[in-house]
Colleague: 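My structure is below; once you've seen it, I'll send some questions.
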Amino acid sequence: MNTHRIIEKENVKAVISSFNNGTEVKEYHVMIQLNNPRLAFNKQLECIINAYEDIRTKECEGAQAVFKRLFLSDSANQAAEIYSVIAEGSDCALSIIQQAPLNGTKIALWAYLQTNVTTKVNASGLFEVSHGKYRHLWNGSAHNLAANSEYQTRLLFNEYIMQLAQEGCTLADNCIRTWFFVNDVDLNYGGVVRARNQTFFTQGLTRDTHFIASTGIGGRQADPNVLSQMDNYAIDGISNEQVKYLYAPTHLNRTSDYGVSFERGTYVDYGDRRHVFISGTASINNKGEVVHPGDIVSQTKRMWENVEMLLKEADFTLSDIGQMIVYLRDTSDYEIVKEMYEQQFPEQPYIIVHAPVCRPGWLIEMECMGTKEIENSNFAKY
């Protein structure tokens with residue numbers, strides 16, 4: 001079952017989602033934000049680190065980190081300190097991106113943790129999280145300095161495919177989720193799309209087989225020459241029968257209808273639980289059209305409805321969601337969206353950040369992950 005807790009300490013608010021079905025592996029999503037924007041960056045970073053360690057050891061029963069993402073307000077001036085303090089000794093795959101927390105602070109953290117797993121960094125560079133027959137392979141902040149966003153994305157995929165090959169895996173059979181953070185998304189997203197389309201075609205991923213759940217969103221790395229940054233997640237030990245794709249055709253069309261290639265959502269079944277991954281989802285209809293142009297309230301409601309319909313195909317509800325990331329194009333929409341989320345999701349972990357969506361007409365986008373208990377004797381437990 002999923003439970004939620006809110007912990008407020010000096011300068012910090014943390015929201016924790018816990019999944020515990022009585023087996024060895026418990027899961028936690030932790031969203032930590034500052035509530036005092038007046039603190040200097042180094043003090044905010046210290047508060048985040050201390051709060052995370054306190055929560056990990058006291059509230060999460062000694063769980064180990066699986067993946068972390070740090071959201072920064074000014075990566076050019078902040079990333080170096082992050083790397084000096086955290087990244088060199090990171091205990092998991094670490095994603096660092098400029099997507100400013102819209103509560104006015106400089107840094108926030110999403111951490112995904114699990115109990116009774118073994119973690120290590122593999123020779124491929126991927127972070128391995130293993131339990132039983134499964135190896136979960138995470139990677140964060142992959143980037144390069146090729147000439148443009150298309151070439152950068154091609155190289156990112158080429159490197160990732162080789163990393164997967166070192167692990168005995170392939171993009172088509174094992175990759176479950178990707179994230180692309182695009183510097184100046186209005187200008188550079190087209191290059192990311194072209195590279196992804198070409199890579200998927202060469203790897204046997206088509207509309208008739210499947211694509212990969214993904215978010216492509218505005219985000220900046222410390223180096224302004226990085227135009228495309230990728231995070232990714234794959235699983236070794238799964239069969240094709242364990243992975244299903246979500247479409248919600250009454251509300252959404254296939255992404256390939258308008259020239260892109262990703263799945264709206266994916267779920268993975270184990271013997272004792274189901275994981276769901278909802279891609280970046282906006283206010284769109286099943287003809288690929290923006291719904292409610294210029295109306296942030298109506299776009300937010302339609303976005304929720306679309307996500308709810310995707311979740312329904314996986315036998316999930318919004319209450320089963322463990323974490324949400326909400327992306328706003330226009331920072332002036334923050335207060336009204338914040339009020340809507342506080343009313344709709346008073347106890348669940350989410351963060352609202354500044355990140356332009358890949359189509360200008362979309363004012364808001366969200367993604368989410370969740371876990372639900374199931375029993376399926378055809379598959380090994382998690």
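Here the structure is a predicted model, which means the values were calculated and not measured.
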Colleague: Rounded to the nearest 0.5 Å, what's the gap from CD on Gln229 to CG on Asn183? Could you check?
Modeller: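 Taking CD in Gln229 and CG in Asn183, the distance rounds to 10.0 Å.
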Colleague: Applying ring-ring contact (aromatic ring centres under 6.0 Å, His included) to Tyr270 and His275, what does each step give before you reach the verdict?
Modeller: CA-CA 8 Å; Tyr270 302 93; His275 283 170; 5.5 Å; yes
Colleague: Considering all heavy atoms of both residues, which atom of Glu313 and which atom of Tyr267 are nearest to each other, and what is their separation?
Modeller: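 Closest pair (atom of Glu313, atom of Tyr267, distance): O-CE2, 4.2 Å.
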Colleague: Hey, mind stepping through Asp272 and Lys381 against salt bridge (charged side-chain N to carboxylate O under 4.0 Å, His left out) and telling me if it holds?
Modeller: CA-CA 5 Å; Asp272 62 335; Lys381 292 184 178 180; over 6 Å; no
Colleague: Of all heavy-atom pairs between Gly259 and Asn197, which one has the smallest distance, and what is that distance?
Modeller: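 Nearest pair, atom of Gly259 first, then Asn197: O-ND2, 2.8 Å.
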Colleague: Is there a side-chain contact (heavy atoms from CB on, under 4.5 Å) between Glu365 and Ile217 once you walk through the steps?
Modeller: CA-CA 9 Å; Glu365 180 173 302; Ile217 198 75; 3.8 Å; yes
Colleague: Check this for me: does any side-chain nitrogen of one of Asp186 and Arg329 sit under 4.0 Å from a carboxylate oxygen of the other?
Modeller: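 Salt bridge flag = yes for Arg329 with Asp186.
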Colleague: Can you see which heavy atom on Asn116 is nearest to which on His131, and at what distance?
Modeller: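 Looking at all heavy atoms of both residues, the shortest contact is O-CD2, 3.0 Å.
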Colleague: Check the pair Trp304, Tyr341 against ring-ring contact (aromatic ring centres under 6.0 Å, His included), reporting the backbone distance first and the verdict last.
Modeller: CA-CA 10 Å; Trp304 287 344; Tyr341 267 81; 5.3 Å; yes
Colleague: For Glu46, what residues pass the side chain to side chain donor-acceptor pair (under 3.5 Å) criterion, not counting sequence neighbours?
Modeller: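 Partners of Glu46 by the side chain to side chain donor-acceptor pair (under 3.5 Å) criterion come out as none, since no residue qualifies.
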Colleague: Please confirm whether the ring centroid of Tyr382 lies under 6.0 Å from the ring centroid of His136.
Modeller: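 Ring centres of His136 and Tyr382 closer than 6.0 Å.
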Colleague: When Phe180 is tested against each of Tyr189, Phe262, Phe157 for ring pair (Phe, Tyr, Trp, His ring centres under 6.0 Å), which residue passes?
Modeller: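 In the set Tyr189, Phe262, Phe157, the residue that makes a ring pair (Phe, Tyr, Trp, His ring centres under 6.0 Å) with Phe180 is Phe157.
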Colleague: Can you confirm whether Ser141 sits close enough to Leu94 that some side-chain heavy atom of one is under 4.5 Å from a side-chain heavy atom of the other?
Modeller: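 No - every pair of side-chain heavy atoms lies 4.5 Å or more apart.
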Colleague: Given the side-chain rings of Trp138 and Phe67, with only the six-membered ring counted for Trp, is the space between their centroids under 6.0 Å?
Modeller: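 Aromatic pair counts; centres sit under 6.0 Å.
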Colleague: What distance do Arg274 atom CZ and Asp315 atom CG have between them, rounded to the nearest 0.5 Å?
Modeller: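 One finds 6.5 Å between CZ of Arg274 and CG of Asp315.
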Colleague: Hey, does the Lys NZ or Arg CZ of Arg359 hover above the aromatic six-ring of Tyr258, less than 6.0 Å from the centre and inside 45° of the axis?
Modeller: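 Flagged: Arg359 positioned over aromatic ring of Tyr258.
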Colleague: Side chain to side chain donor-acceptor pair (under 3.5 Å) with Arg273: which of Thr371, Asn376, Thr23?
Modeller: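 Testing each of Thr371, Asn376, Thr23 against Arg273, the sole residue satisfying side chain to side chain donor-acceptor pair (under 3.5 Å) is Thr23.
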Colleague: State, with a plain yes or no, whether a side-chain heavy atom of His210 is found less than 4.5 Å away from one of Glu263.
Modeller: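 The answer is yes; the side chains approach within 4.5 Å.
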Colleague: Find the distance between CH2 (Trp110) and NZ (Lys68) and round it off to the nearest 0.5 Å.
Modeller: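 Interatomic distance, Trp110 CH2 to Lys68 NZ, rounded to 0.5 Å: 13.0 Å.
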Colleague: Grab the two heavy atoms, one from Arg207 and one from Asp257, that are nearest each other, plus how far apart they are.
Modeller: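 Where Arg207 meets Asp257 most closely, the heavy atoms are NH1-OD1, 2.9 Å.
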Colleague: Where do Gly361 and Val290 come nearest, in terms of heavy atoms and distance?
Modeller: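 Smallest interatomic distance, heavy atoms only, reads O-CG1, 3.7 Å.
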Colleague: Is a donor from one side chain sitting under 3.5 angstrom from an acceptor on the other, for Thr105 and Asn103?
Modeller: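 On atom types as modelled, these side chains qualify, holding a pair under 3.5 Å.
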Colleague: Set out, in order, the CA-CA distance, both residues' side-chain angles and the distance that settles side-chain hydrogen bond (donor to acceptor under 3.5 Å, both in side chains) for Glu241 and Asn378, then state yes or no.
Modeller: CA-CA 10 Å; Glu241 291 73 26; Asn378 294 322; over 6 Å; no
Colleague: Would you name the heavy atoms of Thr115 and Glu61 that are closest together and state the gap between them?
Modeller: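 For Thr115 and Glu61, the tightest heavy-atom pair comes out as CG2-O, 4.2 Å.
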Colleague: Using modelled atom types only, decide if a donor and an acceptor are shared between the side chain of Gln221 and the backbone of Ser228 within a distance under 3.5 Å.
Modeller: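 No; zero donor-acceptor contacts below 3.5 Å.
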Colleague: May I ask you to establish whether Arg177 and Tyr233 are in a cation-pi arrangement, using a distance under 6.0 Å from NZ or CZ to the six-membered ring centre and at most 45° from the ring axis?
Modeller: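 No - Arg177 does not lie over the ring of Tyr233 by the 6.0 Å and 45° rule.
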Colleague: Please round to the nearest 0.5 Å and tell me the distance separating atom CG of Asn139 and atom CD of Glu159.
Modeller: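 One finds 7.5 Å between CG of Asn139 and CD of Glu159.
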Colleague: So, applying side chain to side chain contact (heavy atoms under 4.5 Å, CB included) with Leu311, which one of Thr317, Ile278, Asn306, Leu246 is it?
Modeller: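 Among the candidates, only Ile278 passes.
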Colleague: Does Ser75 use its side chain to pair, donor to acceptor, with the backbone of Gln98 at less than 3.5 Å?
Modeller: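 Pair absent, no side-chain N/O of Ser75 close to backbone of Gln98.
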Colleague: As an exercise, state the distance from CD of Glu305 to CG of Asn285, rounded to the nearest 0.5 Å.
Modeller: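 These two atoms lie 11.0 Å from each other.
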Colleague: Which distance, rounded to the nearest 0.5 Å, do you find between the SG of Cys47 and the CD of Glu10?
Modeller: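 Spacing of SG (Cys47) from CD (Glu10) equals 7.0 Å.
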Colleague: Donor-acceptor pair, Trp179 side chain versus Gly216 backbone, under 3.5 Å?
Modeller: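 Side chain of Trp179 to backbone of Gly216, a donor-acceptor pair under 3.5 Å: no, none is there.
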